[in-house]
Amino acid sequence: MPYLVHGLSVAIALLVCLLSLGLVLGLLLSVAEVYGHWTLRIPCTVFERIFRGIPAIVLLLLFYYGVTDFIEMGSFMAAVLALGLRSAAYQSQIFRGAFLSVPQGQMMAARAMGMNKFQAIRDIVLPQALRMSIGPWTNEFSSELKATSLAYVIGVVELTRQAKYIISNTQGNILIVFAVVALMYFIVNRAGNWALYRLENRLALPGFEHRGDA
Amino acid sequence: MLLRVENIHKSYGDAEILKGVSFDMEPGQSKVIMGPSGTGKSTLLRCINHLTEPDQGHVFVDGEELTSKNLNAMRQKVAFVFQDFNLFTHLRTVDNVAIGPRKLRGFDKKAALDLAYQELDRVGLSDRADAYPAELSGGQQQRASIARALAMEPKLILFDEPTSALDPELTGEVVSVMNKLASEGMTMLVVSHEIGFARQAADEIIFMEGGKIIEQGPPSQIFEAPQQDRTRAFLNVIEHGGHE
């Protein structure tokens, strides 16, 4: 059991790292796709298409066996990069949709009062877009939590791999060990979603739009 | 001269919306632009602060020409009030008014809020300062957006059909705020069919049709003795409660 808890902590560390990388990069990508000059938009769109178009497991193998030939890095780092860049591509689409759903009049009013484009995005559009992103982002959180188990194939000793070790070392009961593992993923998933829904409700604008509590 | 608009042209594809519009405004004047729908009134207003870029022509504010280089600085002098308000939905009413002074005019937080409360008081909305835009009625939203414009302490305010999105019983509160501003000496250029405001507060009516100014003059002349048949016909329609 302590091995599983350790495995879980590795999985959570991987999740936090990859989601953070994905958040920062995904936001930048979405801003470039929505507001950028075409010279910026095209490379960003190409990046996003590539990383959304390749299976996570193939990306993991590519980064671990391919990229590590050129740049020295451990399996954990390779997993953060492979899954984080992929998450950035998915998150960019969440944010892109959110940016586009902010009415154009908001940008227009900001520009009309003399804000430059950057100020208008940062102070007016972004705070509204982020609020709308939380809902879809819970979905990304769930997918990526489960995707951390794939890092198993490149030797990251996360939860799923720990379970495999326990089974092979102790001839433990496969069903019981994996049932415990499944429960652990499930609990983290529920807890994360609960926290995100709370955040969404806390940030909801009075009189605007409320979901699920009508 | 506060505003000089010189020979503005604007086309969308083959359709020429503005066919060379020129006029001037002195400080403290209020002018109302009237005319049938699709005549380019709103496009003209947007061309003045380059929310729509004119194809040709020049705009001077306080003697300085508006260009792509000084655009943001000039827009701070020329406030814009929209037909559909466009209040920032994520900010409380008072923060909507404070954000301009705070982010653009270098005010610290407290000074910006103080100014915002003052401007809300001017439009009679002090009691709704903490409400979010979605909690306000249409008339209240439009008054808040006027307060947001005032907080920039602009030289000139452009109003783009400020009462068209409002129920008839709500237009009165917005018109009375506008009347008050005009009497306080605010320079205002208003696209509107609001006869009440035009008669009471306007120094001049500009009548447009087909992308050109057909007739302009003081309200007494335009309403009592219009020179052009088209002006007469149009006024007949709106004075009898119709909508062009």
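From a predicted model like this one, the values you see are computed outputs, not experimental measurements. Naming: A, B, ... by sequence-line order, numbering from 1 per chain.
Within residues 70-82 of chain B, the residues having any heavy atom less than 4.5 Å from a heavy atom of chain A are, in residue-number order, B/Asn72, B/Arg75, B/Gln76, B/Val78, B/Phe80, B/Phe82. Identified by a heavy-atom distance below 4.5 Å to chain B, contributing residues of residues 33-47 of chain A are lacking entirely.
With rounding to the nearest 0.5 angstrom, the CG atom of B/Asn86 is 12.0 Å from the CE atom of A/Met113. Taking NZ from B/Lys103 and CD1 from A/Ile124, the interatomic distance works out to 8.5 Å, rounded to the nearest 0.5 Å.
Proximity to chain B is limited to the side chain of A/Gln119, based on heavy atoms less than 4.5 angstrom apart. Neither the backbone nor the side chain of B/Leu158 comes within contact range of chain A, judged by heavy atoms closer than 4.5 Å.
Around the CD atom of B/Glu169, the shell of radius 6.0 Å holds more than 12 heavy atoms that belong to other residues, nucleotides or ligands. Sparse packing is recorded around OH of A/Tyr197, with 12 or fewer heavy atoms of other residues, nucleotides or ligands lying under 6.0 Å away. More than 12 heavy atoms of other residues, nucleotides or ligands shown are found within 6.0 angstrom of CZ on A/Arg122.
Taking both residues in full, the closest heavy atoms of A/Gly114 and B/Leu104 are given as O-CD2, 3.7 Å, listed atom of the first, atom of the second, then distance. Here the closest non-hydrogen pair linking A/Gln106 and B/Phe88 is OE1-CA, 3.2 Å. Annotation for B/Ala134 and A/Pro206: closest pair CB-O, 4.1 Å, computed over non-hydrogen atoms.
With chain A as partner, the option from B/Arg46, B/His50, B/His90 having the largest number of non-hydrogen pairs under 4.5 angstrom is B/His90.
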